[in-house]
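Just below is one structure, and these are the notes that go with it.
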Amino acid sequence: PGTSFAIKRRKDEFVESLRMDRDVLQIIAADHAAVAGLAERLARALPGRSRNILFNEFARVLGAHQTVIDATVVPALKACRWSGVRSDVLRGHMAAKRLLAEAIAVEREPADFDAMLRRLVPHAKDQCMLEAHHLIPALHRCLDDEQRALLASDAEQHLTRLLGEAPKV
């Protein structure tokens with residue numbers, strides 16, 4: 001009896017420490033800020049080497065965010081039976097992935113690349129807003145504190161693997 005109480009207490013303390021650190025909603029919000037900030041800079045960048053370098057960083061951060069959504073968030077939403085998830089959020093996510101793939105593959109000729117960026121950059125910013133207003137609240141409703149904390153750990157592992165470190169809130 002005393003041992004099971006001690007184990008439960010340690011588990012509760014661990015869960016509380018996770019709650020105090022971060023949850024998956026904070027990580028998604030930090031991703032949105034990073035993607036939107038890079039999108040703004042990319043929209044203002046002039047053609048050339050520095051814009052190509054900026055695009056590579058934008059693609060890396062957006063790709064990592066998409067991986068977190070695919071590998072961490074979508075399975076959680078599926079477990080919640082897609083409760084409260086709007087189809088436009090999911091369609092927008094898929095469209096962003098397609099646009100990113102096209103942008104990575106397009107020739108870096110200024111006219112072609114400019115046209116691609118004029119499609120990708122606003123879509124990425126709009127998708128971040130859509131997720132902030134509809135995906136994050138849906139996750140908040142369907143996941144409890146412990147689930148959000150555990151998903152944060154999973155999301156941070158993906159971000160660390162892809163970016164070298166998770167974004168800081």
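As a basis for the values below, the full set of heavy atoms in this structure was taken, side chains included, without hydrogen atoms, waters or symmetry mates.
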- request: Go through R148 and D145 one step at a time and tell me if the salt bridge (Lys or Arg N to Asp or Glu O under 4.0 Å) criterion holds.
  value: CA-CA 5 Å; R148 289 192 308 266; D145 290 346; 2.4 Å; yes
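The cluster map of Ile, Leu, Val, Met, Phe, Trp and Tyr, joined by side-chain heavy atoms under 4.5 Å apart, puts I136 and L90 in the same cluster. One hydrophobic cluster, built from ILVMFWY side chains closer than 4.5 Å, holds both L130 and I28. Under the 4.5 Å side-chain heavy-atom criterion for grouping Ile, Leu, Val, Met, Phe, Trp and Tyr, L25 is connected to V89 within one hydrophobic cluster. When hydrophobic clusters are built by joining Ile, Leu, Val, Met, Phe, Trp and Tyr residues whose side-chain heavy atoms come closer than 4.5 Å, directly or via intermediates, V85 is not grouped with V68. Both L62 and L42 are members of a single hydrophobic cluster when ILVMFWY side chains are connected at heavy-atom separations under 4.5 Å.
Listed here is the closest heavy atom pair of G84 and A138: O-CB, 3.7 Å. Nearest heavy-atom pair, A43 versus V121, reported as atom, atom and distance to 0.1 Å: CB-CG1, 4.0 Å. Here the closest heavy-atom approach between residue D23 and residue A152 is recorded as C-CB, 3.5 Å. For the residue pair L54 and A45, the shortest heavy atom distance occurs at CD2-CB, 4.1 Å.
In this structure the side chain of L139 never reaches within 4.5 angstrom of the side chain of L151, judged on heavy atoms. When side chains are defined from C-beta on, K97 counts as touching D70, because their heavy atoms get closer than 4.5 Å. You'll find the side chain of T72 stays beyond 4.5 Å of the side chain of Q157, heavy atoms only. Residues R118 and P122 fail the side-chain proximity criterion, which asks for heavy atoms closer than 4.5 Å. Counting heavy atoms from C-beta on, the side chains of H32 and V35 never come closer than 4.5 Å. When side chains are defined from C-beta on, L163 does not count as touching H158, because their heavy atoms never get closer than 4.5 Å. Side-chain contact check for L77 versus L135: some heavy-atom pair is nearer than 4.5 Å.
Applying the side chain to side chain donor-acceptor pair (under 3.5 Å) test to residues at least two apart or on different chains, the pairs with a partner in residues 45-55 are R51-D114. Applying the ring pair (Phe, Tyr, Trp, His ring centres under 6.0 Å) definition to pairs two or more places apart or across chains, those involving residues 90-113 are F55-F113. Among pairs with a residue in residues 57-69, those fulfilling side chain to side chain donor-acceptor pair (under 3.5 Å) read D31-H65, E57-R60, H65-E131, at least two apart in sequence or across chains.
Residue R141 places its CZ atom among more than 12 non-hydrogen atoms of other residues, nucleotides or ligands, all under 6.0 Å distant.
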Donor-acceptor pairs under 3.5 Å, side chain of residues 100-107 to any protein atom, not counting sequence neighbours: which ones?
unit_1, atom_1, unit_2, atom_2, d
E102, OE1, R119, NH2, 3.2
E102, OE2, R98, NH1, 3.1

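A distance of 10.5 Å separates SG in C142 from CH2 in W82, rounded to the nearest 0.5 Å.
Distance alone, capped at 3.5 Å, is enough to place a donor-acceptor pair between the H133 side chain and the M129 backbone. With hydrogens and angles ignored, the 3.5 Å screen pairs a side-chain donor or acceptor of H123 with a backbone N or O of G92. Put simply, the side chain of E40 never gets that close to the backbone of G37: no donor and acceptor are under 3.5 Å apart.
For Q147, there are no side chain to side chain donor-acceptor pair (under 3.5 Å) partners, not counting sequence neighbours. Under the rule for a side chain to side chain donor-acceptor pair (under 3.5 Å), the partners of H134 that lie at least two apart in sequence or sit in another chain are R86.
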